[in-house]
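All ligand and atom numbering here is 1-based and tracks the order in the structure.
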Amino acid sequence: MKTALTIAGSDSGGGAGIQADLKAFAAQGVFGMSVITAITAQNTKEVRSVQNIDLSIIQDQIEAVFDDIRVDAVKIGMLSSSETVDIVANSFKKYDPSFIVLDPVMVSKGGHHLLQEEAITALKEQMIPLATVITPNIPEAEVLTGIRIQSDQDQIDVCRAIQALGAKSVLLKGGHHSGDPNDLFFDGTDFHWIYGERIHTKNTHGTGCTLSSAIAANLAKGVSLKDSIEISKSYITTAIKHSLNLGHGHGPTNHFYELYEKANLVKA
Ligand SMILES: Nc1ncnc2c1ncn2[C@@H]1O[C@H](COP(=O)(O)OP(=O)(O)OP(=O)(O)O)[C@@H](O)[C@H]1O
Ligand SMILES: Cc1ncc(CO)c(N)n1
């Protein structure tokens, strides 16, 4: 069986972070493993508090996995601090995973900072050059490049600016647009629009985590990057379309729509 490892934060509410990543891996038929970088006390409405995990335990988790188990792809989410960025980047120099999907998580939907301001430089200098693909949303791409995104041309310019930081390829997510959520994939040479249709729901907690994990899972299975992105876009669209009305804020997406439907498990 193919495997994927997520290095990310825990979301107690189960909709984003490690919990979303492991569900997405399972839904894509890949064996999921995890290295937890931080614990967030979080629900569908807010992040109440965050505790970073001791650096030595982060290092030990990474080594425990790589020293024993084959890792076919890695997804990176919340890194929280520059010290964590250091540890993860240095471990990749040792273990050299074949595929690294970097979701440059910075701020939660409710506005809570999940990456310390001073860690942005470390992320840019140490992590971005290692990524097979980086998957920023619009605000993250603006922070990484200093370019304000208003037009299609701005999106193209931003992808090139992120490539100049050392990324091999970029998937600029369009969920934060006012119109249809079209994503732009820059494979390092060519641009490809991945078109989406806006689903009108408030239940979009963890969409970015889910998309990047599904991409990692497909890369682990040997699917090409472009096809992994297209399969994952279609997967997140279905997961949002059939999202779950849990909690009082932004509810989670539905990773197992067909399975739950068949077993008659989804009730309003
Ligand atoms: N309402 C929506 N309808 C359809 N697709 C959406 C919607 N919102 C987001 N998407 C898609 O979901 C994926 C994740 O994009 P988004 O820009 O929301 O990521 P994000 O901000 O990193 O998410 P999060 O921080 O909640 O994990 C993208 O492919 C985007 O186009
Ligand atoms: C732990 C965690 N990672 C990522 C996100 C971004 O959606 C979140 N809200 N929480």
Evaluation steps, side-chain hydrogen bond (donor to acceptor under 3.5 Å, both in side chains), between Asp187 and His192: CA-CA 8 Å; Asp187 64 17; His192 313 267; 3.1 Å; yes
Contact (N/O only, under 3.5 Å) between Ile199 and ligand 1: yes
Verdict with supporting geometry, Ser80 and Asn52, side-chain hydrogen bond (donor to acceptor under 3.5 Å, both in side chains): CA-CA 7 Å; Ser80 207; Asn52 290 347; 2.6 Å; yes
Between Asp21 and Thr6: side-chain donor-acceptor atoms closer than 3.5 Å: yes
Reported OG1-to-CD1 distance for the pair Thr132 and Ile215, which is rounded to 0.5 angstrom: 11.0 Å
Minimum heavy-atom distance between Val71 and Val65, given as atom pair plus value: CG2-CG1, 3.8 Å
Point-to-point distance, once rounded to the nearest 0.5 Å, from NE2 of His205 to CD of Gln42: 4.5 Å
Close N or O approach (Lys233, ligand 1; < 3.5 Å): yes
Polar contact flag for Gly208 and ligand 1 (N/O pairs, less than 3.5 Å): yes
For Thr204, atoms of ligand 1 separated by under 4.0 Å from a heavy atom: 26 (O)
Aromatic plane relationship, Tyr257 with His242 - under 30° parallel, 30 to 60° tilted, over 60° perpendicular: parallel
Identity and distance of the protein heavy atom lying nearest atom 18 (O) of ligand 1: Thr207 OG1, 3.1 Å
Exceeds 12 heavy-atom contacts within 6.0 angstrom, atom CD of Glu118: yes
Top protein contact for atom 10 (N) of ligand 1, by heavy-atom distance: Ile240 CD1, 3.7 Å
Distance filter under 4.0 Å to Glu197 heavy atoms, resulting ligand 1 atoms: 3 (N), 4 (C)
For atom 28 (C) of ligand 1, the protein heavy atom that lies nearest, with its residue and separation: Asp183 OD2, 3.4 Å
Distance-only N or O hit between ligand 1 and Asn182, under 3.5 Å: no
For atom 21 (O) of ligand 1, closest protein heavy-atom neighbour: His176 NE2, 2.6 Å
Leu184 CG to Tyr195 OH distance, which is reported to the nearest 0.5 Å: 9.0 Å
Put together the list of close N/O pairs, under 3.5 Å, between ligand 2 and the protein, could you?
{"from": "ligand 2", "atom 1": "9 (N)", "to": "Gln42", "atom 2": "OE1", "distance (Å)": "2.8"}
{"from": "ligand 2", "atom 1": "10 (N)", "to": "Gln42", "atom 2": "NE2", "distance (Å)": "3.2"}

Pair Lys226 + Glu230: basic N to acidic O under 4.0 Å: yes
Distance-only N or O hit between ligand 1 and Asn137, under 3.5 Å: yes
Identity of the nearest option to atom 8 (N) of ligand 1, non-hydrogen atoms only, from Ala16, Gly175, Cys209, Ala141: Gly175
Any N or O of His205 closer than 3.5 Å to N or O of ligand 1: no
Close N or O approach (Val107, ligand 1; < 3.5 Å): no
Verdict with reasoning, Thr207 to Thr210, per side-chain hydrogen bond (donor to acceptor under 3.5 Å, both in side chains): CA-CA 5 Å; Thr207 49; Thr210 300; over 6 Å; no
Sub-4.0 Å heavy-atom contact, Gly196 with ligand 1: no
Geometric N/O contact Pro181 with ligand 1, under 3.5 angstrom: yes
side-chain hydrogen bond (donor to acceptor under 3.5 Å, both in side chains) evaluation trace for Ser91 with Gln59: CA-CA 8 Å; Ser91 72; Gln59 176 105 41; over 6 Å; no
Atom 22 (O) of ligand 1 - nearest protein heavy atom and its distance: Lys173 NZ, 2.7 Å
Polar atom proximity, Glu140 to ligand 1 (N or O, under 3.5 Å): no
Nearest-0.5 Å distance that lies between atom CZ in Phe256 and atom CD in Glu261: 14.5 Å
From CG (Leu165) to CD1 (Ile134), nearest 0.5 Å: 8.0 Å
Salt-bridge contact Arg148-Asp154 (side-chain N to carboxylate O under 4.0 Å): no
Protein heavy atom at shortest distance from atom 26 (O) of ligand 1: Lys109 NZ, 2.3 Å
Closest approach of any protein heavy atom to atom 13 (C) of ligand 1, naming residue and atom: Leu211 CD2, 4.0 Å
